[in-house]
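I have placed the structure first, in the form of structure tokens, so that the comments after it can refer back to it.
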Protein chains: 2
Amino acid sequence: MASITLSARSLTALLGEWKSAAPVYRGLADRIRLLVLDGRIPVGTRLPAERELADRLALSRTTVTAAYRELRDAGYLRSTRGSGSVTLLPGSPTALAAVPQGGFLDFSKAAVPPCPEVIDAAVAAAAELPRYMHDWDYDLVGMPGLRQAIADRYTARGLPTDADEIMITVGAQHAIALIARTMLSRGDRVLVEMPSYPHAYEALRGAGARLGAATVSSETGWDPREIEQWFARTSPALAYLMPDFHNPTGASMPLDTRERVARAAERHGTVLVIDETTAELNIDRPESYPPFVATATAACGRSAAASIITIGSVGKTVWGGLRIGWIRADRGIIRKLVSTRSMGDLGTPILDQLTVAELMPVMDGIVERRGRQLGATRDRLVDLLHDRLPEWSVPRVNGGIATWVNLGEAASSQLALAARSHGLVIVAGPRFGIDGAFERYLRIPISYPWGDTERAVDLLAAAWGSASFGAVPTSAYLDDVV
Amino acid sequence: MASITLSARSLTALLGEWKSAAPVYRGLADRIRLLVLDGRIPVGTRLPAERELADRLALSRTTVTAAYRELRDAGYLRSTRGSGSVTLLPGSPTALAAVPQGGFLDFSKAAVPPCPEVIDAAVAAAAELPRYMHDWDYDLVGMPGLRQAIADRYTARGLPTDADEIMITVGAQHAIALIARTMLSRGDRVLVEMPSYPHAYEALRGAGARLGAATVSSETGWDPREIEQWFARTSPALAYLMPDFHNPTGASMPLDTRERVARAAERHGTVLVIDETTAELNIDRPESYPPFVATATAACGRSAAASIITIGSVGKTVWGGLRIGWIRADRGIIRKLVSTRSMGDLGTPILDQLTVAELMPVMDGIVERRGRQLGATRDRLVDLLHDRLPEWSVPRVNGGIATWVNLGEAASSQLALAARSHGLVIVAGPRFGIDGAFERYLRIPISYPWGDTERAVDLLAAAWGSASFGAVPTSAYLDDVV
């Protein structure tokens, strides 16, 4: 089985400020466990040899041995003679899926509850099936009716679009991975935002990209000069951006920054990938923006806009269980994507496509109601967090699926670990970065039903109170022995 | 946009024996067009410079220029100053999907017509949706009911299986690609069969595999000594095999060969990936085999069988438009696959899973009826081809989705091209190999309705009669000028 080996240096970088009030071997085991749980250390990774890690961390070998033993006993590590210690996830594989297990409340995903219209649409789709099933099976590009309906919505939002500029995918992540695989060569430079959607980092890296990151903050958004400098310095092959209700910060990019990004991409021949999965989740943003490509076309002309690829999905508006996303792009790019797709899968399910086609005529109403739901949860969440955890700084986002909370101290990983032992699965801030930053941040979804959200805050407050956080200077533990 | 550049040497290898009675420039353009159409030259590939190709083929530069011009005019090539000539597909991207267009009959896929039970199952699934949709959305591993039902079928077929040894995927190709990405490192050696399912080659190569191939023939099947030699020589990280009703030959692997393969894999630490997508499509095979893993367990014991991964799907039994496949593997491997999956997609659609769960209780009947349909088509096809194209040698397969016809001359690419101009899309033999072999072979599906199959034979016969085949010695054209 192919295993990646993590060097002591890389593991040390991932560990960040891991020391706590617990015994050192346990603090080390806890932090490695968290890194495995939230995917920063992939399952099947070979950890550095004990002696090597002990040297790098300036700990005694017995401390590292004890930490590895603890991980082994808890089912996170398997050690075999000759092939070292390889990470595992204990228990059933379903622990990784969205199943609340044994009372676990899963806030790791920012999923939305299904909109009720899905039921009737699925029934209607099943009834429609006999009309389509003899002509459609392995559908790499998407059914014409659905592609036309999606194109029409872009046109109505100010971006004239034809059906053959649309390709249907198995959700937005599938779209990102397909684009990455098709448009990138190994070693290509790619500009991303930081923080950003972690699975996008994975897909881009999986295609061999070398990532560079421009900062996004809840308060100040993007710095257009920083982005321009990244373009000038690296001439990236591709840039992946989320300009509307950015995940996880909720920020939206101002119009003039959009124009500057589009111009920079044009100048450097960069393919822009604009993820608009969350773009319609408006609560009360004062500005209204057309799709990014419309702005870019106005600023740079049609030919520059031809190398901008837009991703959309019904996952955050309708329901994530319908795996329907799409790509809007120049016909030439669509053709290229279709022709490389079969390397990874042979098409989008027909039944799901028919279901979404049924929903398209009522999509405006669904999106509007979703905005109201998100707004109501945001209001109550901001108030409740202010009340229960006043030391946290909670941005009042004006749309999107989450708020990016500043904890006031570098304790996100420890908090996530403590929360898990209280029954809440939530992703630590560093998962949204590429270099271990964001220990002061936590993404809290505003997309779940209020009852769940209230319970999540309870569990977070309990976790926050249950341990002492704050980084302990490394030197204090230099002499530790188990 | 990232483009692969094809060297003159590589293109020459792909061209094979391309000369025909047509003018040389046209023969060259026709062959390149076919290679683009059937995916052997990916869209977006940069062709060699004209002078370079002319030198390699010992043609005049004007001949190559004329061939490239012909391709450009037909929409298969875009030439831009500075970046050379890049392959395209003309017209709408839907030309690539399974849509019969302008009377095109598509025999490129060996798809099966949907079984009628799908309709009621989809209706029932839609009715079930409200029970599940609040607990399920991004489902990386699969719904318990469906996993249990699939596990139970393995158990009933002689291979005791638990639900947590099953993972649901978006069809079998998705499973192959996920396994390749998870289990392989770049540069790993992988053993495949030749001929084999071309998208499997693509998925394995996409993960960086270096392929070596063991021969399978319609008449003599596998040579166990050849396979053992491959194992001994390359100690492959993974081997991808289709031991039951192999695609495209229809051959099945005898029991003792299965045992020898399992033992060789155990000896060399090779992960075996057994694709059983077509394993239940029995027409009248005299032998009955349990799932491959059951044989391997009996031969090598449970621990060796733990590194065998089985792929299944409803695509060739029920309908390809339901994108449901699965992986059966050791729990540790399932966990690893689940944890790497989100790099490429976020789960299998719920509605399709519920639909297949509805079908599981009647699956035996569906499989049996499918076998009868395939048998009826096989019988009539063998007779018709014997009648219309007596010079072809048509194996009477005893199961599977296709027969692997020997044309008697190295003319498959030219036949496929001629067939296309008669309105039939069919894949030339070399697409099922990895080195341009199989010019004497053509895969003819037995999976389509008889009316379509009859029409396909008409078009093949017309195409076969419309051109003179047979390779022309290269030297005859050395002095050709357009």
Going by the rule ring pair (Phe, Tyr, Trp, His ring centres under 6.0 Å), which residues pair with B/Y201 if we only count those two or more places apart in sequence or in a different chain? none
Cut-off 4.5 Å, heavy atoms of chain B, and the answer for A/R186 is side chain
Minimal non-hydrogen separation, A/Y138 against B/G315, with atom names: OH-O, 3.4 Å
Kindly indicate, with the supporting measurements, whether the criterion side-chain contact (heavy atoms from CB on, under 4.5 Å) is fulfilled by A/R323 and B/R323. CA-CA 11 Å; A/R323 304 304 305 134; B/R323 304 304 306 133; over 6 Å; no
Atom group of A/T348 that falls short of 4.5 Å from chain B, counting heavy atoms: backbone
Give the minimum heavy-atom separation between B/Q173 and A/L346, together with the two atoms involved. CB-CG, 3.7 Å
Identify the heavy atoms of B/W136 and A/W319 that sit nearest to each other, and give their distance. O-CZ2, 3.1 Å
Please name the pair of heavy atoms, one in B/A203 and one in A/M343, separated by the smallest distance, quoted to 0.1 Å. CB-O, 3.3 Å
Comparing B/H134, B/Q353, B/H199, B/M167 against chain A, the one with the most heavy-atom pairs below 4.5 Å turns out to be B/H199
For B/T87, all residues meeting side chain to side chain contact (heavy atoms under 4.5 Å, CB included), sequence neighbours excluded: B/V36, B/I41, B/T45, B/L47, B/L77
If you count heavy-atom pairs under 4.5 Å between each of B/V123, B/V112, B/I119 and chain A, which one has the most? B/I119
Quick check on A/A237 against chain B: is it the side chain, the backbone, both or neither that has a heavy atom closer than 4.5 Å? neither
Closest-packed option against chain B by number of heavy-atom pairs under 4.5 Å, given A/A111, A/S307, A/G171, A/A175: A/A111
How long is the gap from CZ on B/R181 to CZ on A/R181, to the nearest 0.5 Å? 8.0 Å
Heavy-atom pair count under 4.5 Å with chain B, highest-scoring of A/A177, A/G320, A/G325: A/G320
If you tally heavy-atom pairs under 4.5 Å against chain A, which of B/G206, B/G344, B/A126 wins? B/G344
Quick one: closest heavy-atom pair of B/A122 and A/L129, and the distance? CB-CD2, 3.9 Å
Separation between CD1 of B/I350 and OG1 of A/T355, rounded to the nearest 0.5 Å: 12.5 Å
Is there a side-chain contact between B/S342 and A/E202, using heavy atoms and a 4.5 Å cut-off? yes
Heavy-atom closest pair (B/P349 atom, A/D352 atom, distance to 0.1 Å) is CB-OD2, 3.4 Å
Looking only at A/A172, A/A207, A/P130, the option with the highest number of non-hydrogen pairs under 4.5 Å against chain B is A/P130
